[in-house]
There are 2 protein chains.
Amino acid sequence: MPLDPHLTAANRLRAAGQRYTTNRRDLVETLSESGQPMAIPDILGTRPELPQSSAYRNLAVLEQAGVVRRIVTNEEFARFELAEDLTEHHHHLVCMSCGTIEDVTIPTRLERGMERAMTDVAESTGFSAVSHRLDLIGTCKSCG
Amino acid sequence: MPLDPHLTAANRLRAAGQRYTTNRRDLVETLSESGQPMAIPDILGTRPELPQSSAYRNLAVLEQAGVVRRIVTNEEFARFELAEDLTEHHHHLVCMSCGTIEDVTIPTRLERGMERAMTDVAESTGFSAVSHRLDLIGTCKSCG
DNA sequence: ATGAGTGCAAAGGCTTTGCATTAGG
DNA sequence: CCTAATGCAAAGCCTTTGCACTCAT
C-alpha cells in the first residue's frame with residue numbers, strides 16, 4: 001500500500017537536511033492530485049503563482065530526496081511524478097503523437113517474471129538492478 | 001535475424017528520398033561497431049573529422065528513416081543506437097552512476113508475456129502499443 | 001546545372017544558477 | 001536571529017538552424 005505523500009515527503013526531506021516548505025508541499029500536492037506524470041507547463045498551469053525557477057529547483061530537491069521521479073522522453077519537456085512507493089508500482093503508456101504519459105499496471109505474473117529476469121541478468125552480467133522501467137510506446141485513445 | 005545495416009540504411013533512406021552519403025555511412029558504421037548506444041561525444045570521439053552539426057543532422061535523418069533510434073535518459077546527452085531490426089530485440093541496463101547503457105536480451109517467455117500484456121492493455125484502455133521498452137536501472141559492473 | 005548535403009557559426013529553448021530578499025525553525 | 005529557500009533575471013548547455021559552399025546526379 002502507498003505511503004502518505006506529504007508525510008513521507010516531510011520525512012525524506014528532513015532526512016536530507018531540507019525543509020518541507022509551502023512550495024514543495026504544493027508541488028507534492030499537485031503531482032498527487034494529477035495521478036499522471038506532469039510536464040513543467042502543466043505544473044505551472046496548475047500553480048500560476050509558482051515561479052518557474054522555484055518549480056525546477058524544488059523538483060530537483062524532491063527528486064534527490066526520493067520523493068519525486070523525473071521522466072525524460074523524446075518530447076521537449078521532462079515530466080515529473082511522485083516516487084513509486086508514494087503511489088504504486090506501475091508502468092507507462094507513452095503516446096508518440098501527443099506526448100502524454102498514462103499510468104498502467106500489468107499482471108502480477110509479469111511483474112514477477114521481470115523481477116526474476118532482473119536477478120538473472122544481475123548474475124550473468126554483474127549489473128545490479130534496483131528497479132525496472134517498462135514503457136509501452138504507441139498512440140493513445142484520443143490520438144488513435 | 002538482423003538485417004544488414006548498410007543495405008537496409010541505403011534502402012530506407014532512398015525510400016525516404018534521402019541519399020546514403022559518406023557521413024551517414026560512417027555514422028551507421030560507428031553505431032554498428034559500437035554495439036551499444038552512443039552519446040554524441042562518443043561518436044565525435046570516434047569520428048573526429050565529423051562536424052557536430054552534421055552528426056546531429058544526419059542522426060535526425062537516420063532516425064526519421066527508421067535506421068537509428070534515439071534514447072533519451074536523465075544524463076546530459078542523448079544516445080543513439082541502430083534500429084532494433086538492424087540489431088536484435090533487446091533491452092537496456094542503464095547505469096545510474098556512470099550513465100552508460102548496455103544491451104541485454106531477456107528470456108523469450110518474458111518477451112511473450114510482455115507482448116500479451118501490450119495486447120491486453122490495448123483492449124482495456126484504447127491505447128494501441130507499437131513497441132515496448134524495458135530498462136533495468138541500477139549500477140554496472142565497473143561502478144558497482 | 002541543380003538540388004541535396006555539408007560545415008561553420010549563430011540562434012533556440014529547456015534548465016540551471018547568481019544574487020539580493022524573504023521566511024521558516 | 002540565521003540559515004535555507006525564494007524569485008527575478010541572466011547565463012548554460014545540448015541541440016537546431018541559417019546560409020553560403022560543395023558535391024553528386
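Convention: sequence-line order gives letters A, B, ...; per-chain numbering from 1. Because the structure is a prediction, the values reported are computed rather than measured.
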- Rounded to whole angstroms, how far apart are CG on Asp26(A) and P on dG24(C)?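 The distance from CG of Asp26(A) to P of dG24(C) comes to 12 Å, rounded to the nearest Å.
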- Write down the distance between CG (Leu59(B)) and P (dG5(C)), rounded to a whole number of angstrom.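 The distance from CG of Leu59(B) to P of dG5(C) comes to 14 Å, rounded to the nearest Å.
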- Item | Listed partners of Arg133(B) passing salt bridge (Lys or Arg N to Asp or Glu O under 4.0 Å), at least two apart |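 Salt bridge (Lys or Arg N to Asp or Glu O under 4.0 Å) list for Arg133(B), sorted by chain: Asp135(A).
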- Can you list the residues that meet the salt bridge (Lys or Arg N to Asp or Glu O under 4.0 Å) rule with Glu76(A), with sequence neighbours excluded?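 Scan of Glu76(A) (salt bridge (Lys or Arg N to Asp or Glu O under 4.0 Å), adjacent residues dropped) gives none.
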- Query: Which angle, to the nearest 10 degrees, lies between the helix axes at the two ends of the helix from dA1(C)-dT25(D) to dG25(C)-dC1(D), each defined by five pairs?
  - Reply: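 One end's axis against the other's: 30°.
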- Sequence neighbours left out, what pairs pass side chain to side chain donor-acceptor pair (under 3.5 Å) with at least one residue falling in residues 49-60 of chain B?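 Applying side chain to side chain donor-acceptor pair (under 3.5 Å) to every pair that reaches into residues 49-60 of chain B, excluding sequence neighbours, yields Arg24(B)-Asn58(B).
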- Query: When you measure from every atom of DNA chain D, which of residues 12-20 of chain A have a heavy atom less than 4.0 Å away?
  - Reply: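 Gln18(A), Arg19(A), in order of number.
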- Residues from residues 69-83 of chain B lying under 4.0 Å of DNA chain D - heavy atoms: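 Heavy-atom contacts with DNA chain D come from Arg70(B), Glu76(B), Phe77(B), Ala78(B).
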- Query: Do the side chains of Leu136(A) and Val121(B) get nearer than 4.5 Å, heavy atoms only?
  - Reply: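 Of all side-chain heavy-atom pairs linking Leu136(A) with Val121(B), at least one is under 4.5 Å.
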- Query: Listed by chain and number, what are the ring pair (Phe, Tyr, Trp, His ring centres under 6.0 Å) partners of His92(B), not counting sequence neighbours?
  - Reply: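 Once residues adjacent in sequence are excluded, the partners of His92(B) under the ring pair (Phe, Tyr, Trp, His ring centres under 6.0 Å) criterion are His90(B).
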- Item | Range on DNA chain D touched by chain A, heavy atoms, distance below 4.0 Å |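 That gives a stretch of dT3(D) to dA9(D).
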- Ignoring backbone atoms, establish whether Asn23(B) has a side-chain N or O less than 4.0 Å from OP1 or OP2 of dT6(C).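 Answer is yes, contact under 4.0 Å.
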- Item | Results of side-chain hydrogen bond (donor to acceptor under 3.5 Å, both in side chains) for Thr73(B) - residues two or more places apart only |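 With neighbours one apart ignored, the set is empty.
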- Query: Taking DNA chain C as the partner, which of residues 43-57 of chain A come within under 4.0 angstrom of it by heavy atom?
  - Reply: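 When residues 43-57 of chain A is checked for heavy atoms under 4.0 Å from DNA chain C, the hits, listed by number, are Gln52(A), Ser53(A), Tyr56(A), Arg57(A).
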- Task: May I have all residue pairs that pass ring-ring contact (aromatic ring centres under 6.0 Å, His included) and include part of residues 106-144 of chain B, sequence neighbours excluded?
- Result: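 Applying ring-ring contact (aromatic ring centres under 6.0 Å, His included) to every pair that reaches into residues 106-144 of chain B, excluding sequence neighbours, yields His89(B)-His132(B), His91(B)-His132(B).
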- Query: Considering residues at least two apart in sequence or located in another chain, which fulfil the side-chain contact (heavy atoms from CB on, under 4.5 Å) criterion with Arg19(A)?
  - Reply: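 Only Thr21(A) meet the side-chain contact (heavy atoms from CB on, under 4.5 Å) criterion with Arg19(A).
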